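In this text, all values refer to a predicted model and were calculated from it rather than measured experimentally. The residues of the chain are indexed from 1 along the displayed sequence.
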Amino acid sequence: MYKFEFFYREIKKMSKILEENLEKIYLSNDTETVHKCRVSIRKIRGILKIFKCPKELEVPLKEIASMLGPLRDLEVQIDFLKNRLEIDSSLGELLDDFLYKREILKRDLVKSIPDFHRKNFLYEVNTLLKNKEIYEYKIYHDLYEKVQEIIMNHPVNINSKELHELRIKMKKIRYMLEALSVEKKEYKEFIVFFKQYQDCLGEIHDIDVWLDILSEKISEFGKLRSYLRKKRHREIIAFKNTLHDIPSVLGKILATAAINSIAEFENSQEIRSMRNSKSEKLSMAEKLASELSPDPQHIKRVREKSVKIFREVREVMNLNEEDVFFLEAGALLHDIGYSISEKRHNDHSCEIIASSEYLPFSSEERVVISMIAKNHRGKFSLINGLDRVLPSKEISRINKLSGIVKAADGMEFESLEYVENFDIKVCDGELVFELGDISEALTERFSKKSALLKESFKKDFKKRKRG
């Protein structure tokens, strides 16, 4: 288990380095100043990503990094020209042009870079993440997938576009390793390899940038262009030589990630889910619902109504007894999103169920229950991408269970007005509810909220009749 408080010390150190060097940018012509800013941002963002921090926290860092990028490229180009000037005096005018561009860029940067107030930033970070914990196996699983992506999609043709994309992928892995190395020293040897690998790709990238700059100056800098092409060829050979080490190094990372994942897996939600019976899980869900829902009595009644409806429709709708667990959990937790906001509270309920470490659900249970809570109001929908990975049969089950909870919820205006007793009949293949004497407003509410269930029942009834 990683605790954020351990990594917070590293964030404090890096944010101090960033603040100090941002103040020096305008007065300094040292490439090291920009480099220190970029490295400190990279390390901070690496840690924030591990702990899944809100994206808005990263925005100022991301903006600063994107503005420093062009200055870094210009600094590298100026250093290169200075070193080449003794060999090729014709580069003097080009160097002057670049030095002028640097002054303008630095001036613009100082004006446009967002203010980085270290104390404010650290306060926000600490407030949001101070009690955050994350299981190691989750981090290592992410690392494992990123490494596998490189192994499976490593460039075959050594062209600029593929190399640039590879460099970005490598960067992401290196950032993760740097963040993890704060606590796990064994990752440092991998970081050395990735640095060499990235440096090689970076050299090729810098040469490609130069060749683009010189492409319009055919007659002026033929000697420089010829030198750069030869240098690029040498760098490509060096890059190809590093490829021999890739299977070994990436294999070691995969092995380390897998070993650490297994060691931590005992504490995972899956294992915890196995240790709790369904009745225990429902008791824990009920306890959380009583704290986070605005009306615990409403929750209790919706649960009871949902089970009653289920007993009446399960045979026609091809639901089984195991589905009662999902139904009850969804009914209990459908309103916990009110603890965040009344607006879109169904989406917030879904988010809490999906992420809460208190709720001892397995991955499958978490998906189904969170989707039931999400769809107790509004048009039926799944979170992005879920429709592509879930079988159609599973989507149909979620649709039916959501429809039942939604109809049960439609019988109530919380504790202001609610149906106490109801009967269900089937007339000409359609589901008919007898709700007793209720107001027009509640009748209209139920009519809307029961539509999903009635539509599903009607389709299943027709299928059953044809069968």
Q: Looking at side-chain heavy atoms only, is the closest gap between Arg464 and Glu315 below 4.5 Å?
A: yes
Q: Would you indicate whether the side-chain heavy atoms of Ile47 and Glu10 approach each other to under 4.5 Å?
A: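 Glu10 reaches Ile47 side chain to side chain.
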Q: Quick check for you: to the nearest 0.5 Å, what is the distance between Asn346 atom CG and Asp335 atom CG?
A: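 One finds 9.5 Å between CG of Asn346 and CG of Asp335.
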Q: Do the charged groups of Lys16 and Glu19 touch, with an N to O distance under 4.0 Å?
A: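 No, no charged N to carboxylate O under 4.0 Å.
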Q: With a 6.0 Å cut-off (strictly less than), is the heavy-atom count around CZ of Phe413, excluding the residue itself, greater than 12?
A: yes
Q: Contact between Leu48 and Ile11 at the side-chain level, heavy atoms closer than 4.5 Å - yes or no?
A: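 Touching, per the 4.5 Å side-chain cut-off.
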Q: Just by modelled atom types, is the Cys37 backbone N or O under 3.5 Å from a matching donor or acceptor in the Arg42 side chain?
A: no
Q: Flag the pair Lys308 and Glu312 as a salt bridge only when some basic side-chain nitrogen lies within less than 4.0 angstrom of an acidic carboxylate oxygen.
A: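 No.
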Q: Any chance NZ of Lys454 has more than 12 other-residue heavy atoms, nucleotides or ligands included, within less than 6.0 Å?
A: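 It does: Lys454 NZ has more than 12 such atoms within range.
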Q: Given side-chain contact (heavy atoms from CB on, under 4.5 Å), test Met317 with Phe310 step by step and report yes or no.
A: CA-CA 9 Å; Met317 298 186 79; Phe310 176 86; over 6 Å; no
Q: Verify side-chain contact (heavy atoms from CB on, under 4.5 Å) between Ile404 and His376, making sure each step is shown before the conclusion.
A: CA-CA 9 Å; Ile404 292 172; His376 83 273; over 6 Å; no
Q: Report, as yes or no, whether the 6.0 Å neighbourhood of atom CD on Glu321 holds more than 12 heavy atoms from other residues, nucleotides or ligands.
A: yes
Q: Return the minimal non-hydrogen interatomic distance between Phe121 and Ser15, and the atom names on each side.
A: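 Result for this residue pair: CD2-CB, 4.5 Å.
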Q: Using a strict 4.0 Å threshold on nitrogen-to-oxygen distance, state whether Lys278 and Glu328 make a salt bridge.
A: no
Q: Check ring-ring contact (aromatic ring centres under 6.0 Å, His included) between Phe433 and all other residues, then give those that pass, not counting sequence neighbours.
A: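 Only Phe446 meet the ring-ring contact (aromatic ring centres under 6.0 Å, His included) criterion with Phe433.
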Q: Evaluate Lys458 against Glu455 for salt bridge (Lys or Arg N to Asp or Glu O under 4.0 Å), listing each step before the verdict.
A: CA-CA 5 Å; Lys458 191 174 182 179; Glu455 184 182 343; over 6 Å; no
Q: Just checking Lys12: does its NZ atom have more than 12 heavy atoms from other residues, nucleotides or ligands closer to it than 6.0 angstrom?
A: no
Q: Could you state the interatomic distance from CD (Glu291) to OG (Ser339), rounded to the nearest 0.5 Å?
A: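 These two atoms lie 10.5 Å from each other.
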Q: Give a yes or no answer on whether the side chain of Ser370 reaches the backbone of Cys350 with a donor-acceptor pair at less than 3.5 Å.
A: no
Q: Could you tell me whether the side chain of Asp323 and the main chain of Asn320 form a donor-acceptor pair under 3.5 Å?
A: yes
Q: Which pair of non-hydrogen atoms, one from Ser349 and one from Ala373, has the smallest distance, and what is that distance?
A: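 Reported closest heavy-atom pair: CB-CB, 4.1 Å.
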Q: Is there a donor-acceptor contact under 3.5 Å from the side chain of Ser306 to the main chain of Ala408?
A: no
Q: Counting only N and O atoms by type, is there a donor-acceptor contact under 3.5 Å from the side chain of Ser293 to the main-chain atoms of Ser290?
A: no
Q: Look at the side chain of Arg366 and the backbone N and O of Leu359, then say whether any donor-acceptor pair between them is shorter than 3.5 Å.
A: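 Answer holds: yes.
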Q: Could you tell me whether the side chain of Ile41 reaches within less than 4.5 Å of the side chain of Ile64, counting heavy atoms only?
A: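 In short, these two side chains touch, coming nearer than 4.5 Å.
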Q: Please enumerate all residues that pass side chain to side chain donor-acceptor pair (under 3.5 Å) together with Lys305, with sequence neighbours excluded.
A: Glu412
Q: Calculate, to the nearest 0.5 Å, the distance between atoms NZ and OG belonging to Lys459 and Ser456 respectively.
A: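 Atom-to-atom, Lys459:NZ and Ser456:OG are 6.5 Å apart.
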Q: Taking Ile424's backbone N and O only, do any of them form a donor-acceptor pair with Glu434's side chain (distance below 3.5 Å, no angle check)?
A: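 No; judged by distance alone, with no hydrogens or angles, the pair does not exist.
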Q: With sequence neighbours excluded, tell me which residues meet ring-ring contact (aromatic ring centres under 6.0 Å, His included) with His348.
A: none
Q: Take Glu351 and Lys374 through the salt bridge (Lys or Arg N to Asp or Glu O under 4.0 Å) test and state the conclusion after the steps.
A: CA-CA 9 Å; Glu351 290 160 4; Lys374 175 180 172 61; over 6 Å; no
Q: Roughly how far, to the nearest 0.5 Å, is CG of Leu282 from CZ of Phe326?
A: 10.5 Å
Q: Is it the case that the side chain of Asp73 and the backbone of Val76 share a donor-acceptor pair, with hydrogens and angles ignored and the cut-off at 3.5 Å?
A: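 Checking the backbone N and O of Val76 against the side chain of Asp73, no donor-acceptor pair under 3.5 Å is found.
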Q: How long is the straight-line distance from OG of Ser402 back to CD1 of Ile395, given to the nearest 0.5 Å?
A: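 Nearest 0.5 Å value for the CD1-OG distance: 11.5 Å.
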Q: State, with a plain yes or no, whether a side-chain heavy atom of Asp409 is found less than 4.5 Å away from one of His334.
A: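 Yes - at least one pair of side-chain heavy atoms lies under 4.5 Å apart.
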Q: Could you walk me through whether Val125 and Ile44 pass side-chain contact (heavy atoms from CB on, under 4.5 Å), step by step?
A: CA-CA 11 Å; Val125 168; Ile44 292 170; over 6 Å; no
Q: Could you check whether Glu364 pairs with Arg397 (Lys NZ or Arg NE/NH1/NH2 to Asp/Glu carboxylate O, under 4.0 Å)?
A: yes
Q: If every non-hydrogen atom of Gly403 is compared with every non-hydrogen atom of Leu453, which pair is closest and at what distance?
A: O-CB, 3.6 Å
Q: List the steps and the verdict of side-chain contact (heavy atoms from CB on, under 4.5 Å) for Leu327 and Ile372.
A: CA-CA 8 Å; Leu327 184 81; Ile372 292 172; 5.6 Å; no
Q: Are the side chains of Val432 and Val426 in touch, meaning some heavy atoms are under 4.5 Å apart?
A: no
Q: Is there a donor-acceptor pair under 3.5 Å between the side chain of Glu394 and the backbone N or O of Pro391?
A: no
Q: Assign the ring pair Phe325 / Phe361 to parallel, tilted or perpendicular, where the plane angle (0 to 90°) is split at 30° and 60°.
A: perpendicular
Q: If you take all heavy atoms of Ser439 and Glu417, which pair is closest and at what distance?
A: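 In this case the closest contact between Ser439 and Glu417 is OG-OE1, 2.7 Å.
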Q: After noting the C-alpha distance and the side-chain angles of Asp460 and Lys400, does the key distance pass the salt bridge (Lys or Arg N to Asp or Glu O under 4.0 Å) rule?
A: CA-CA 10 Å; Asp460 287 334; Lys400 293 171 185 179; 3.2 Å; yes
Q: Flag the pair Glu420 and Arg301 as a salt bridge only when some basic side-chain nitrogen lies within less than 4.0 angstrom of an acidic carboxylate oxygen.
A: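 The answer is no: the pair does not qualify as a salt bridge.
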Q: Ignoring hydrogens and angles, state whether a donor on the side chain of Asn21 or His35 is under 3.5 Å from an acceptor on the partner side chain.
A: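 Short answer, no.
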Q: Please assess Arg303 against Glu286 for the test salt bridge (Lys or Arg N to Asp or Glu O under 4.0 Å), listing each intermediate value before the final yes or no.
A: CA-CA 10 Å; Arg303 178 188 188 179; Glu286 188 173 16; 3.6 Å; yes
Q: With no hydrogens and no angle check, is any side-chain donor or acceptor of Arg377 less than 3.5 Å from a backbone partner on Lys449?
A: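 Checking the backbone N and O of Lys449 against the side chain of Arg377, no donor-acceptor pair under 3.5 Å is found.
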Q: Within the structure provided, determine whether Ile369 and Leu333 are in side-chain contact (heavy-atom separation under 4.5 Å).
A: yes
Q: Does Asp428 have more than 12 heavy atoms from other residues, nucleotides or ligands lying within 6.0 Å of its CG?
A: no
Q: Measuring from Ser356:OG to Leu292:CG, what's the distance to the nearest 0.5 Å?
A: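 These two atoms lie 8.5 Å from each other.
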Q: Are Leu401 and Val405 packed together at the side-chain level, in the sense that at least one heavy-atom pair is separated by less than 4.5 angstrom?
A: no
